[in-house]
Chemist: 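Handing you this structure, nothing more for now.
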Amino acid sequence: MKQPSLRDEIAALRAEIEQLRDNKSTAGAEAAKPDGDDQSRERPDDVPKLLGELGDLVQSMLDEAEESFTQHPVASVSAALALGIVIGRLTAK
């Protein structure tokens with residue numbers, strides 16, 4: 001199966017961004033309407049719950065990164081080296 005070209009992927013991403021913008025503007029217009037009981041905002045007592053969810057999300061991302069590094073160690077070291085060179089050149093000026 002042929003992989004999509006870079007142009008096709010960029011076009012698909014642009015279409016998706018436009019769709020998200022349309023959805024956001026529609027949701028923004030609905031949110032601007034005054035409503036007596038606004039359930040869409042999080043309450044301050046939900047902060048610990050949200051922080052727990054954020055911690056779980058970060059942990060799952062770290063686990064995925066660790067798994068990727070163990071599966072592809074040469075690529076990981078090469079990417080880290082390249083990133084270090086780029087950051088070094090940017091900060092040297």
Chemist: Nearest 0.5 Å please: distance from the NE2 atom of His72 over to the CD atom of Glu67.
Modeler: 9.0 Å
Chemist: To the nearest 0.5 Å, what is the distance between CD (Glu66) and OG1 (Thr70)?
Modeler: 6.5 Å
Chemist: Counting only heavy atoms not in Glu16, do more than 12 sit closer than 6.0 Å to its CD atom?
Modeler: no
Chemist: In chain order, what residues pass the side-chain hydrogen bond (donor to acceptor under 3.5 Å, both in side chains) check against Asp22, with sequence neighbours excluded?
Modeler: none
Chemist: Taking a hydrophobic cluster as the set of Ile, Leu, Val, Met, Phe, Trp and Tyr residues connected by side-chain heavy atoms closer than 4.5 Å, whether directly or through intermediates, do Leu83 and Val74 fall within one such cluster?
Modeler: no
Chemist: Closest approach of Ser76 and Ser68, non-hydrogen atoms and distance?
Modeler: OG-O, 4.3 Å
Chemist: Is a side-chain donor-acceptor pair under 3.5 Å present for Gln19 with Asn23?
Modeler: no
Chemist: From Ile87 CD1 over to Arg89 CZ, what is the distance, rounded to the nearest 0.5 angstrom?
Modeler: 13.5 Å
Chemist: Does one side chain, of Asp63 or Ser60, offer a donor that lies under 3.5 Å from an acceptor on the other?
Modeler: no
Chemist: Working to the nearest 0.5 Å, report the span between CG of Leu13 and CG of Leu20.
Modeler: 10.5 Å
Chemist: Decide yes or no for Leu54 and Leu50: does some side-chain heavy atom of the first lie under 4.5 Å from some side-chain heavy atom of the second?
Modeler: no
